[in-house]
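Scroll down for the structure; my scribbles are underneath it.
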Amino acid sequence: MEAIETRHGGTVVIEARGRLDSNTARSFEEKLLGAIAPADPVMVVDCSQLDYVSSAGLRVLLMAAKRVKAAKGRLALCGLKPHVQEVFDVSGFSSIFVIHPNRAAALAAFP
Amino acid sequence: MLDETKLALRNDDADLPRLNDWVEQFGRRRGLAHDRLFEIKTCLYEAVANVIAYAYLDHHPHQIEVRLAIADGAVIATVEDDGQPFDPLAVTLRPPEQTIELAQIGGRGILMMRQFMDRMRYERRDGHNLLTLIRCLPEPS
C-alpha cells in the first residue's frame, strides 16, 4: 500500500495504491489525515490504482471525509475499480461520497 | 459429498494475507467464478478481521479456524474462535445514511457480509463462536 501526495493548484490529491485493509489502514490513515489542511481543505483521493478496500479502509476514508466536512472543505474520490465500487455500493458509501470517474473529472469539478 | 478444507490462523492481522491466499486457492481449485470468489474472500476477511480486532480481551495468542466447503450447491464458510461471545447477526444496523456527517464509522464489515452472502448462521458452542457464511452457486448449466 502506498499513498502518493501531489498538489494541483489548491487541491491536494492522494493517490492510494495497492490494498487498503487491516494491515495497511493505519499508515494510510496517518498519511490521509495528515494531508488535510486546517481550513477549507480541498482533496481528491485517487483510487485508480487501489486494488482492494476492506471495512478498515472504509473507516479511514469516512474519518477523513468527516474531518474535511468539519473544516468546511471538500473531498471527492475518483477512479474506483469495479470491486472497490462494489464494496462501496454494498456498504452504503456510494451514496454519501462524491465519486468521479477519473482524476481529471474530479479536479475539473473543483473550481 | 462434503469437500472441506481448513486453515488455522493466529489472532494477528499479519496472518490475514494467508487467509486471502488460501481462499484464492480454494476458489481456483473448485473453479469458482471470479465475482463469487471475491464475495467469499471479502466476507471471510471481514469476519476474521473482526474476530482479531474485538473477540479477545487478553493479549494472548489464540487460534482461529476457518473452514471452506462446497455442499448442496453452495459455498459454506465457517469461522470458529474461542473469543468472547459475539453474534454478528444480532447487531442492529441503522438504515443507510445520506450524509457524511451522519454516517457511522463502524459496522461496515457486518453490512458487507449481510449483503454479499445468501445466508448466515451463528452459534455459541463449547465456549466457541461459530459463524457460518453461505453463498449459493448458480445451477450448473
Side-chain angles (χ1 to χ4, degrees), chain A residues 1 18-29 32-33 36 40-45 50-77 80-99, chain B residues 9-21 23-24 27 33-55 64 88 91 93-118 133 135:
Chain A
M1 170 84 206
R19 286 179 60 89
L20 179 49
D21 60 20
S22 293
N23 291 107
T24 58
R26 206 156 303 156
S27 67
F28 184 68
E29 177 181 329
L32 185 60
L33 298 186
I36 300 173
D40 309 315
V42 181
M43 298 182 81
V44 173
V45 180
L50 183 66
D51 299 317
Y52 185 79
V53 64
S54 80
S55 64
L58 293 178
R59 181 179 169 278
V60 176
L61 292 172
L62 183 55
M63 275 172 46
K66 281 179 181 281
R67 269 205 209 175
V68 167
K69 265 272 152 81
K72 309 253 180 281
R74 295 204 282 167
L75 179 141
L77 309 178
L80 275 58
K81 289 185 179 184
H83 280 322
V84 173
Q85 178 74 56
E86 209 180 341
V87 167
F88 266 63
D89 290 346
V90 299
S91 57
F93 268 39
S94 301
S95 54
I96 55 173
F97 276 87
V98 176
I99 302 170
Chain B
L9 296 165
R10 292 168 300 137
N11 55 324
D12 184 336
D13 284 344
D15 248 14
L16 286 165
R18 274 180 64 218
L19 170 68
N20 272 340
D21 293 345
V23 179
E24 187 80 33
H34 185 67
D35 285 353
R36 203 56 37 109
L37 180 57
F38 170 76
E39 294 160 0
I40 292 155
K41 206 163 62 171
T42 297
C43 292
L44 269 177
Y45 187 96
E46 293 295 336
V48 174
N50 255 348
V51 171
I52 293 171
Y54 304 115
I64 303 163
V91 174
L93 297 176
R94 297 199 312 189
E97 313 87 347
Q98 293 308 314
T99 67
I100 291 285
E101 289 92 331
L102 293 176
Q104 279 191 310
I105 293 210
R108 305 285 162 183
I110 292 174
L111 191 54
M112 281 187 217
M113 288 188 248
R114 288 189 191 171
Q115 297 274 330
F116 279 137
M117 293 296 110
D118 291 301
L133 309 171
R135 184 71 174 101

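Everything quoted here is computed from the prediction, not taken from an experiment. Proteins get letters first, then strands, A, B, ... in listed order; numbering begins at 1 in each.
The line from CD of A:E86 to CZ of B:F116 is 4.5 Å long, rounded to the nearest 0.5 Å. From A:Y52, atom OH reaches atom NZ of B:K41 across 7.5 Å, with rounding to the nearest 0.5 Å. Rounded to the nearest 0.5 angstrom, A:F93 CZ and B:I100 CD1 are separated by 7.0 Å. With rounding to the nearest 0.5 angstrom, the CG atom of B:N50 is 6.5 Å from the OG atom of A:S55. Note: B:E46 CD to A:S22 OG = 7.0 Å, rounded to the nearest 0.5 Å. To the nearest 0.5 angstrom, B:E97 atom CD is 6.0 Å from A:I96 atom CD1.
Of the two parts of B:D12, neither the backbone nor the side chain holds a non-hydrogen atom closer than 4.5 Å to a non-hydrogen atom of chain A. In this structure, the portion of B:T99 lying under 4.5 Å from any heavy atom of chain A is its backbone and not its side chain. For chain B, the nearby parts of A:K66 are the backbone and the side chain; heavy atoms of each come within less than 4.5 Å. In this structure, chain A has heavy atoms under 4.5 Å from both the backbone and the side chain of B:E101. Residue B:I52 does not touch chain A at all, counting heavy-atom pairs closer than 4.5 Å. Both the backbone and the side chain of A:D21 come within contact range of chain B, with heavy atoms under 4.5 Å apart. At a 4.5 Å heavy-atom cutoff, the contact between B:Q104 and chain A is made by backbone atoms alone.
Applying the 6.0 Å contact sphere to CZ of B:R18 captures more than 12 heavy atoms from other residues, nucleotides or ligands.
Cation-pi geometry between A:R19 and B:Y45 is met: the NZ or CZ atom falls under 6.0 Å from the ring centre, inside 45° of the normal.
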Stepwise side chain to side chain contact (heavy atoms under 4.5 Å, CB included) test for B:R114 and A:V90: CA-CA 9 Å; B:R114 288 189 191 171; A:V90 299; over 6 Å; no
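Ranked by non-hydrogen atom pairs under 4.5 Å with chain B, the options A:M63, A:K69, A:R59 are led by A:K69. The residue among B:D35, B:L16, B:T42 with the most heavy atom pairs within less than 4.5 Å of chain A is B:T42.
Without hydrogens or angle criteria, A:N23 side chain to B:D13 main chain gives a donor-acceptor distance under 3.5 Å.
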